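As structure tokens, the structure follows; a few thoughts come after it.
Each chain gets a letter, A, B and so on, in the order its sequence line appears, and its residues count up from 1. Everything numeric here is computed off the predicted structure, so don't read it as measured data.
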There are 2 protein chains.
Amino acid sequence: MAAMSSVSGPHSLLLKNLNNGFFKTPSLPNTAHFIKPQSRSTKPHLSIITCATTQIQDLQTTTPKPQSQDRVFNFAAGPATLPESVLKKAESELYNWRNAGMSVMEMSHRGKDFVSIIEKAESDLRSLLGISDDYAVLFLQGGATTQFAAIPLNLCSDSDEVDYIVSGSWGDKAVKEAQKYCKANVIWSGKSEKYTKIPSFDGLVQNPNAKYLHICANETIHGVEFKNYPTPENKDGILIADMSSNFCSKPVDVSKFGIIYAGAQKNVGPSGVTIVIIRKDLIGKAQGITPVMLDYQIHAENKSLYNTPPCYGIYMCGLVFEDLLNQGGLVVVEKKNVKKAKLLYNMIDGSGGFYKCPVEKSVRSLMNVPFTLEKSELEAEFIKEAAKEMMVQLKGHRSVGGMRASIYNAMPLAGVEKLVAFMKEFQAKHA
Amino acid sequence: MAAMSSVSGPHSLLLKNLNNGFFKTPSLPNTAHFIKPQSRSTKPHLSIITCATTQIQDLQTTTPKPQSQDRVFNFAAGPATLPESVLKKAESELYNWRNAGMSVMEMSHRGKDFVSIIEKAESDLRSLLGISDDYAVLFLQGGATTQFAAIPLNLCSDSDEVDYIVSGSWGDKAVKEAQKYCKANVIWSGKSEKYTKIPSFDGLVQNPNAKYLHICANETIHGVEFKNYPTPENKDGILIADMSSNFCSKPVDVSKFGIIYAGAQKNVGPSGVTIVIIRKDLIGKAQGITPVMLDYQIHAENKSLYNTPPCYGIYMCGLVFEDLLNQGGLVVVEKKNVKKAKLLYNMIDGSGGFYKCPVEKSVRSLMNVPFTLEKSELEAEFIKEAAKEMMVQLKGHRSVGGMRASIYNAMPLAGVEKLVAFMKEFQAKHA
């Protein structure tokens with residue numbers, strides 16, 4: 001574990017700086033002006049984005065090439081937009097993968113071609129997140145929801161206690177599922193404040209006997225994101241995070257976690273793949289009632305090939321990991337995400353109340369931006385007009401209403417710029 | 001349920017006739033000569049394939065167009081070869097599905113485009129198999145192995161008894177998993193005869209108190225296939241079949257089953273999708289310890305959209321279902337499969353012992369053809385030489401050795417013809 005610090009330390013520091021620079025800045029009066037020219041280098045940058053004004057011509061020269069005209073900007077919360085270059089590569093390889101004479105979809109999962117695909121995907125993910133050999137990386141099926149059961153089944157007896165922080169709907173689902181298999185306690189819930197906050201870690205009362213502390217690192221529906229992580233005060237010091245909707249959106253110090261898990265379909269691939277990063281010493285203690293397919297030991301021993309894995313989905317994740325590395329890794333990716341999020345949040349905050357984001361500023365998600373219109377009767381028109389301009393899936397989750405723009409890694413800056421320009425125009429028309 | 005008989009009756013009859021015509025025919029001395037001209041019509045044929053000799057020119061005129069030169073013949077047991085036309089269609093739609101402006105991989109699973117995809121897939125599957133409204137059709141994740149746990153968890157209490165017929169490795173895995181959740185009994189096992197047989201149904205002693213009788217309709221590793229089905233003698237009359245490796249390879253009278261389930265990656269799509277066809281009255285009785293993702297009620301109530309399903313895999317299954325309907329449905333598909341299997345088994349049986357298939361003739365699989373070489377020292381060379389001729393994945397499963405040619409729906413007749421020609425040549429060289 002100690003070996004990890006050197007890998008992830010600088011990333012963590014950067015993350016902290018970026019967030020300080022961004023989220024603690026008071027509402028800023030304008031939007032597009034705050035874009036800083038972005039280097040085309042693919043090397044990581046450690047400089048911090050400042051909020052100093054920049055000339056319009058800078059913005060124009062650095063706006064990424066607009067995507068193909070037949071492509072919409074897809075703000076869906078997941079499955080979500082994928083990098084255009086990854087789709088083009090997948091398209092070119094679909095029928096005949098690198099002269100194998102077959103599609104990836106037709107390959108035996110035990111053949112050398114597919115084994116090379118899954119091994120490269122794992123290796124690239126380890127590079128991206130700086131995952132040490134103390135951790136196993138598993139490519140599983142069933143979504144994060146299956147992990148809601150697998151985690152207590154693998155880590156607890158039915159009489160064990162565990163702690164959950166519930167900062168949104170997904171954390172709520174996770175604890176309810178865990179209650180089937182152990183004594184799962186909610187030590188903090190943001191429900192009464194409509195899931196717009198993350199608790200202060202100082203005030204948390206953790207159970208010293210708990211087997212683990214569980215958080216949902218980014219709540220997709222509510223747009224609430226942990227910017228740093230609580231120190232688990234349970235006897236084994238285990239912190240577990242559902243990172244489905246911010247996985248690989250920024251550097252993370254994996255060594256702080258017992259388990260990180262994520263459905264792929266937000267930031268790293270199509271639906272149908274769930275990635276579990278688990279400290280190896282936590283493997284091998286499953287309850288007797290654990291379905292074999294939920295037993296981490298089975299999957300770790302068989303390198304995710306106990307049964308037939310979701311091969312094509314894993315291949316797609318591998319292409320995305322490669323693309324993220326080619327961009328310069330997660331430090332660079334986070335910078336891009338901060339830039340996009342800032343643009344959108346600043347627009348909302350600068351709209352004089354025409355648009356509102358209910359989430360506390362310091363914990364606003366870089367990935368999912370929920371907002372409402374002061375004149376809620378205009379929401380349907382907003383969505384309709386946006387769709388006419390090729391911007392789709394902006395409706396908020398059915399459980400909370402309003403709007404939500406999901407701006408994952410693969411959402412180009414041009415997409416957010418277009419949305420912001422549209423929002424200004426819409427406001428001007430209806431203010 | 002009665003309504004089903006009219007749909008599936010003729011199919012069942014045809015199946016019986018086909019199998020009688022095929023498997024009860026004594027070993028025949030030659031192979032290619034038994035190919036009968038195949039109509040190009042896409043309408044179902046009810047005529048029975050005969051084994052009368054046919055002129056070589058007939059064979060030549062009816063041989064399907066060889067597939068593209070860059071494509072190998074892939075005899076893998078799954079993931080397995082997919083129809084070339086389906087791959088081409090998927091390739092053409094990958095980047096931008098029917099002017100939606102995005103890939104199927106990027107679509108919200110709750111958006112109208114994906115909902116149209118999953119609804120059409122279900123509807124086409126219902127047409128193919130004649131599935132009545134008494135049954136729910138679920139598109140799930142996790143492979144058949146997840147269903148090994150889900151079935152007892154949904155249908156039994158932990159004190160209930162259930163019966164399993166074990167005709168191969170998959171049936172064996174199924175009963176072992178079930179033993180975690182109820183009193184699962186093996187009422188017949190083919191293990192002592194190396195899984196080369198299906199029991200006579202007359203001699204079976206079923207447990208009248210069992211909640212269900214479970215079979216694996218086709219054992220992928222051992223090449224043993226049920227040609228008809230035992231009548232369940234348990235109190236609720238429930239028969240359950242794992243049809244992973246012969247799903248949609250022939251008509252099946254669904255009304256005879258409580259549950260049919262199948263991993264998609266043999267006959268109907270890529271890996272990562274598992275289809276469960278379940279009689280609706282069996283839904284809603286899951287044990288308290290059932291993970292939410294293994295609870296059929298959750299998935300049935302949410303039309304397989306409780307969590308994010310494996311969208312792209314479901315889309316691919318839909319393309320395959322459409323292709324099977326376009327071919328004329330499962331009656332036609334079965335005819336093609338019988339023709340291919342006959343060609344290969346006749347070659348083996350006519351080789352004078354150079355090649356041997358260990359499986360009892362009456363229950364040989366139409367899908368997976370295991371065989372050994374009398375001179376087992378030649379097996380490595382056989383595989384190597386076949387690969388040189390673009391025929392791959394012919395090695396038998398690591399647990400049984402020898403060879404295995406999986407000849408699912410999507411394996412063209414030309415592939416089997418090429419294999420048979422190669423086998424003759426190989427024999428001539430080494431006899």
- request: Give the C-alpha distance, both sets of side-chain angles, the deciding distance and a yes or no for side-chain contact (heavy atoms from CB on, under 4.5 Å) between A:H109 and A:I118.
  value: CA-CA 9 Å; A:H109 54 299; A:I118 193 171; over 6 Å; no

- prompt: Could you go step by step and tell me if A:L394 and A:L419 meet the side-chain contact (heavy atoms from CB on, under 4.5 Å) rule?
  reply: CA-CA 10 Å; A:L394 282 161; A:L419 175 61; 3.9 Å; yes

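With a threshold of 4.5 angstrom between heavy atoms, A:Q393 approaches chain B through side-chain atoms but not through N, CA, C or O. Contacts of A:M316 with chain B are made by side-chain atoms alone, with heavy-atom separations under 4.5 Å and no backbone atom involved. Proximity to chain B (any heavy atom under 4.5 Å) is shown, for A:L140, by neither the backbone nor the side chain. Within the 4.5 angstrom heavy-atom criterion, atoms from both the backbone and the side chain of A:M102 approach chain B. Proximity to chain A (any heavy atom under 4.5 Å) is restricted, for B:Q265, to the side chain, taken from C-beta onward. Residue A:V392 touches chain B through its side chain alone, counting heavy-atom pairs closer than 4.5 Å. Using a 4.5 Å cut-off between heavy atoms, A:K395 does not touch chain B at all.
For the set B:G269, B:S92, B:G272, the count of heavy-atom pairs under 4.5 angstrom toward chain A peaks at B:G272. Most heavy-atom pairs under 4.5 Å with chain A, from the set B:L294, B:V292, B:N307, B:D158: that is B:V292. Chain A forms the most heavy-atom pairs under 4.5 Å with one residue out of B:I314, B:V273, B:T290, and that residue is B:T290. When the candidates A:G78, A:A77, A:P309, A:G313 are compared by the number of heavy-atom contacts under 4.5 Å with chain B, A:P309 comes out ahead. Taking chain A as the reference chain and counting heavy-atom pairs below 4.5 Å, the highest number among B:A100, B:S108, B:S271 is found for B:S271. With chain B as partner, the option from A:G142, A:P270, A:A76 having the largest number of non-hydrogen pairs under 4.5 angstrom is A:G142. The most heavy-atom pairs under 4.5 Å with chain B, out of A:M107, A:Q141, A:R110, come from A:Q141. Heavy-atom pairs under 4.5 Å with chain B peak, among A:A80, A:C311, A:A149, at A:A80.
Of the inter-residue distances, the one linking A:I407 atom CD1 with A:F73 atom CZ reads 13.0 Å to the nearest 0.5 angstrom. The structure places NZ of B:K266 at 13.5 Å from CG of B:N409, a figure rounded to the nearest 0.5 Å. Atoms CG and OH, on B:L138 and B:Y306 in that order, are 15.0 Å from each other to the nearest 0.5 Å.
Two residues are said to be in side-chain contact when any heavy atoms from C-beta on lie closer than 4.5 Å; B:R98 and B:D113 fail this criterion. Put simply, the side chain of A:S103 does not reach to within 4.5 Å of the side chain of B:L82, judged on heavy atoms. In this structure, A:Y164 and A:C216 have side chains that are not in contact, with every pair of non-hydrogen atoms separated by 4.5 Å or more. Residues A:E93 and A:Y315 are in side-chain contact: their nearest non-hydrogen atoms beyond the backbone lie under 4.5 Å apart. Two residues are said to be in side-chain contact when any heavy atoms from C-beta on lie closer than 4.5 Å; A:P83 and A:V320 meet this criterion. Annotation: side chain of B:D323 is in contact with side chain of B:S85 (closest heavy-atom distance under 4.5 Å). Counting heavy atoms from C-beta on, the side chains of A:T308 and B:P79 come closer than 4.5 Å.
Using bins of under 30°, 30° to 60° and over 60° for the plane-to-plane angle, the ring pair A:W170/A:F148 lands in the tilted bin.
Contacts of residues 295-305 of chain A with chain B at a heavy-atom distance below 4.5 Å are absent; not one residue qualifies.
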